[in-house]
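All values below come from the heavy atoms of this structure, side chains included, with hydrogens, waters and symmetry mates left out. On a predicted model such as this, the values are computed, not experimentally measured, just so you know.
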Amino acid sequence: MQLRCLEHMLRGYALALSVHGIEEPVGDFNRGFIAYLREVKGWGAEFGWVNAIQRAVGGDEEKMWDWSWKLIDEYRESLRNV
């Protein structure tokens, strides 16, 4: 599944930045997005944001893909308002 691969790639990228002491203005997307989903949607995301979205939409991959990008856009917009 493409979303799961994306989630893992972003986790690995954040880990590599941390290990090498590199700071980016973007921060750790996965942590921020999970916190956003918890705060705004009330979703538990203990097993990652892909699983949280999967539980919310019932596992339909096309629907998950659409919802993911919609929620990511909402999250990005929320960062602009901070």
Side-chain angles (χ1 to χ4, degrees):
M1 175 197 276
Q2 290 178 334
L3 284 174
R4 197 153 320 279
C5 290
L6 177 62
E7 181 180 37
H8 290 299
M9 182 198 70
L10 291 170
R11 186 174 294 127
Y13 182 70
L15 178 62
L17 291 174
S18 174
V19 165
H20 295 285
I22 300 169
E23 290 189 32
E24 281 215 24
V26 176
D28 186 338
F29 171 82
N30 283 335
R31 283 186 183 190
F33 190 44
I34 287 169
Y36 172 81
L37 294 176
R38 187 177 301 118
E39 182 179 323
V40 173
K41 301 293 185 185
W43 296 351
E46 304 79 32
F47 300 107
W49 56 268
V50 173
N51 283 333
I53 293 170
Q54 184 176 26
R55 284 193 308 266
V57 302
D60 178 302
E61 287 194 30
E62 186 174 330
K63 198 172 184 181
M64 285 175 60
W65 184 257
D66 292 340
W67 267 68
S68 294
W69 293 110
K70 176 184 175 291
L71 292 166
I72 289 169
D73 285 343
E74 290 175 10
Y75 169 60
R76 290 178 61 214
E77 186 62 32
S78 77
L79 294 176
R80 290 188 189 120
N81 297 326
V82 173

Hydrophobic clusters here meaning ILVMFWY residues chained together by side-chain heavy-atom distances under 4.5 Å, can you tell me if I53 and M9 are in one? yes
Does the ring centre of Y13 sit less than 6.0 Å away from the ring centre of F29? no
Given the rule in the side-chain contact (heavy atoms from CB on, under 4.5 Å) test, do W49 and L6 qualify, once you have shown the distances and angles that lead to the verdict? CA-CA 11 Å; W49 56 268; L6 177 62; 4.3 Å; yes
Taking the side chain from S68 and the backbone from M64, do they hold a donor-acceptor pair closer than 3.5 Å? yes
Could you go through the side-chain contact (heavy atoms from CB on, under 4.5 Å) check for R11 and L15 one step at a time? CA-CA 6 Å; R11 186 174 294 127; L15 178 62; 5.7 Å; no
For Y36 and E74 the tightest heavy-atom approach is OH-CB, 3.3 Å
Using modelled atom types and a 3.5 Å cut-off, is there a donor and acceptor pairing between side-chain atoms of N30 and backbone atoms of E7? yes
Could you go through W43 and R55, starting from their C-alpha distance and side-chain angles, then the distance that decides it, and tell me whether this counts as side-chain contact (heavy atoms from CB on, under 4.5 Å)? CA-CA 9 Å; W43 296 351; R55 284 193 308 266; 5.6 Å; no
Residues G44 and A52: closest non-hydrogen pair is O-CB, 3.6 Å
Tell me, yes or no, whether the heavy-atom count around R76 atom CZ, taken from other residues, nucleotides or ligands under 6.0 Å, exceeds 12. no
Membership question, hydrophobic clusters at under 4.5 Å side-chain separation (ILVMFWY): are F47 and I34 in the same one? no
Passes side-chain contact (heavy atoms from CB on, under 4.5 Å), F33 versus L71? Steps please. CA-CA 9 Å; F33 190 44; L71 292 166; 3.8 Å; yes
